[in-house]
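This report refers to the structure that appears directly beneath it.
The sequence lines fix the lettering, A, B, ..., with proteins before strands; numbering per chain opens at 1. Note that the coordinates shown come from a computational prediction; the quantities given were computed from them, not determined experimentally. Basis for what follows: all heavy atoms, side chains included, without hydrogens, waters or symmetry-related copies.
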Amino acid sequence: MGRRDRDAEFGEFASSRMSWLRTVAYLLSGDWHQADDLTQTTIIKLYGAWHRIADMENLDGYARTVMVNTFLAERRSPWRRVLLRSAGEEPVVQPDLDAILDLRQALSALPARQRATVVLRYYCDLSVEQTADAMKCSTGNVKSQTARALDTLRHALRSHRQPATSREGVSR
Amino acid sequence: MSEDQEQQDFLASELGVLVQDPPAPRGIDIAEAIRVGRRRRVRRRGAAAGGLALAITAAIAVGAIVSPASGADPATGMNHVVVDSRDPVTADADFGWLPAGVPWTTFASRPKATMGNEIIATGAHLGDSPAGMPTLTLYVYPKGIDPAKADEAISPWWTYKAAAPPVNGRTAYWLKSSNPGQTTAVLRWQAADGQWVELQAGGMATTTLTSDMLRTAAAVTVEEHSVPLPFTIQRLPGLGVFVASTALVQRDGRQVLDHSSIGFTLMDKQDTSPAYYLTVSPHTGAAAQSYPALGKEAIKNSGGFTKVCTTAHGLDACIEAPADLVSGNSPSNLAAIGGLKGLLSRVTLLGPDPRNWTTEMLR
């Protein structure tokens, strides 16, 4: 296949998957701007590997793996760490009153790997084994990350849904 | 239905609701992705060709086959380290002038398997990278590579060369895309030695874009050089650097340190990713706010990471590592030097004045 054809084929693949990739990127990053950056970076990486992967059976799975690992790597990069430090040590929680955004708040408080686990397991509907494959870790690690994430989400969602008075507790 | 199952079903359905009605994409450009992806391939192939040429030369000279691309780091003996640990940050060029609104300049390490490196000027800290942030990216193609030939041969997306005024008297052109959604402007010109240089701009003010890019290009100096760092670190067994960067920011007409970072390992020769990050920044920076105890020595655990910081000569230095690596699974060579604090004590801060910085990081 000529390079022009290969680029056209890649352009077609990337166009058809862009919306889905953005969605996964948004759930990972919690921000549409960052999601667009993550999607663009993922598409660049996919293009770099296109000559090897174009005939792959599970191209979508490969694309998802590239995106998740790009997301996790960014969260571990010096630039990101400096950013995190300058933003304070605690996760940034957006103030939102709408009930559906409780979940977004709760997700944003999760560490990157737990968040990736939740997105892959419950949005992408991957098995523990598939999630481990995508995150390049053991199934045991996926299970423990999932359990911790669910605990955190359960706690966060409950506290968000408590009436304000009971959340404030009673002074003694 | 169990509470767990109920929560999992809730998650699955609500995650779907969360992503309904997304805003229009900004900054996603497939044509641009193809162009950047192709350039990266050029870098890798150029390096492989360079490596092969060196290998052949060496083989002729000593009658042996060598493989420079996969050799151990001469500074540390590490097999899989991708950056020269002795002098980790290098650049092929530098900006001589930048438009207002892009005061940050970031130099990064160059992986050994590639050629060329991007130098990036931005309107905010690069780690922030909000979509639409003004960004100028400078790249020097390896000698002998004409990017236009690759464009014409490869992509139906990038087919237009538009005339541009000469840059310092040498050939220049704008690269245009057939994609109506083109989000970046690209200027290419030839440097004095014939190498092609590329300046890419995104998120810039459109009214002054052309003149700003031409002026920026005219002031670029093309010269391979090491980028000095504001610290040194003692050689330690197993120490190998994977990534490094230095960001400078324009303040009061001077370039001052924003931060300098390295990601490295102390584990063993088979490591393929950094376990530790050292970040050095001015004492007035964010680290000082996070660590009010700086001045003595502060240690903090957060989000599964342990971080230890210190300050000297007007700079803060922090080393961060996964908490389990520091406690339960501490490698013997880290334990032998007194853990993270011992590691940090092997870092020497050189102060904020670039005249005191060094290109020999390992001591």
Between CG on residue A/L46 and CD1 on residue B/I34, distance to nearest 0.5 Å: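 Here the rounded value is 11.5 Å.
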Spatial distance of atom CG (B/L15) from atom OG1 (A/T23) [nearest 0.5 Å]: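 Here the rounded value is 11.5 Å.
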Please report the closest heavy-atom contact between [X] and [Y], naming both atoms and the distance.
X: B/G16; Y: A/Y123; answer: CA-CE1, 4.1 Å
X: B/P22; Y: A/R22; answer: CB-NH1, 4.0 Å
X: A/L27; Y: B/L18; answer: CD2-CD1, 4.0 Å

Chain B contact via A/L107 - side chain, backbone, both or neither, heavy atoms under 4.5 Å: side chain
A/F10 versus chain B, the contacting section by heavy-atom distance below 4.5 Å: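 For A/F10, the side chain is the part near chain B, not the backbone.
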Candidate pair B/V19 and A/V24, rule side-chain contact (heavy atoms from CB on, under 4.5 Å), full reasoning: CA-CA 9 Å; B/V19 293; A/V24 177; over 6 Å; no
A/M18 vs B/I30, side-chain contact (heavy atoms from CB on, under 4.5 Å): CA-CA, chis, key distance, verdict: CA-CA 9 Å; A/M18 189 198 290; B/I30 294 170; 3.7 Å; yes
Greatest number of heavy atom pairs closer than 4.5 Å to chain B - which of A/I43, A/I44, A/V118, A/T146: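 The candidate making the most pairs under 4.5 Å is A/I44.
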